[in-house]
Amino acid sequence: AQKITQTQPGMFVQEKEAVTLDCTYDTSDQSYGLFWYKQPSSGEMIFLIYQGSYDEQNATEGRYSLNFQKARKSANLVISASQLGDSAMYFCAMREGPAGGTSYGKLTFGQGTILTVHP
Amino acid sequence: NAGVTQTPKFRILKIGQSMTLQCAQDMNHNYMYWYRQDPGMGLKLIYYSVGAGITDKGEVPNGYNVSRSTTEDFPLRLELAAPSQTSVYFCASSFGTGLGEQYFGPGTRLTVT
């Protein structure tokens with residue numbers, strides 16, 4: 001079974017609208033971390049947001065928020081007020097085990113969602 | 001800080017040739033990683049290191065070797081290149097503690113023909 005599933009190969013959104021990118025995960029660990037990265041067409045990987053499995057609040061970073069539903073094992077990324085510069089590939093990733101533990105920070109990535117923002 | 005640097009940016013290899021992809025970081029991170037990204041796909045872990053002299057295999061290590069003699073450098077060696085190794089290679093690093101977010105280099109685009 002895939003550990004990280006991103007079911008939306010491509011998403012379109014109108015500029016200034018909000019968009020949700022889906023991510024579900026599979027782990028038997030109680031302690032884990034979930035990450036979202038952005039990959040623009042230039043190719044670099046940019047860290048956006050992090051959610052720990054024991055964090056009670058959903059993570060937020062500026063226009064990015066993470067809708068964490070632990071029981072459903074989902075960690076959706078919400079981008080508010082989309083901008084043209086948000087057009088990129090977005091990856092969800094998971095670290096199994098606690099930070100600083102014997103997982104050594106290894107990440108498993110989903111296949112990504114290409115987001116296109118229309119003016 | 002330069003962050004994570006990778007050289008070269010692009011390379012074309014013939015089948016059977018060998019090469020070393022260079023990676024360096026100046027953030028004093030103890031953890032370093034090598035990933036490959038095939039077209040339209042997510043990243044897959046090749047090898048990782050938790051400190052100088054300590055390396056281990058990731059999900060797709062076949063055809064690759066690594067070494068880590070210093071905290072800063074983590075080169076990836078391709079022996080006997082094959083077309084299946086055509087990919088974009090990313091090096092990343094992180095602190096061993098904290099959230100564990102990884103900082104990525106700009107990538108090396110490798111084509112094997």
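Chain letters run A, B, ... following the sequence lines, proteins first and then strands; every chain starts at 1.
Surrounding NZ of A/K73 are more than 12 heavy atoms belonging to other residues, nucleotides or ligands, all under 6.0 Å away. More than 12 heavy atoms of other residues, nucleotides or ligands shown are found within 6.0 angstrom of CD1 on B/I54.
With no hydrogens or angles considered, no side-chain donor-acceptor pair links A/S103 and A/R95 at under 3.5 Å. B/S87 and B/D38 share a donor-acceptor pair across their side chains, judged by distance under 3.5 Å alone.
With a threshold of 4.5 angstrom between heavy atoms, A/Q6 does not approach chain B through any atom at all. Interface remark: B/L43 contributes backbone and side-chain atoms alike to the contact with chain A (heavy atom separation under 4.5 Å). Of the atoms belonging to B/Q102, heavy atoms from both backbone and side chain fall under 4.5 Å from chain A.
Ring-plane geometry between B/Y103 and B/H29 is classed as tilted, the angle between the planes lying from 30 to 60 degrees on a 0 to 90 degree scale.
Cluster annotation: B/Y89 is not connected to B/Y48 through the hydrophobic network of ILVMFWY side chains, with a link wherever side-chain heavy atoms come within less than 4.5 Å. Linking ILVMFWY side-chain heavy atoms closer than 4.5 Å, directly or via other members, places B/V60 and B/V66 in a single hydrophobic cluster.
Using non-hydrogen atoms only and a strict 4.5 Å limit, the part of residues 104-119 of chain A facing chain B consists of A/Y104, A/G105, A/K106, A/L107, A/F109, A/G110, A/Q111.
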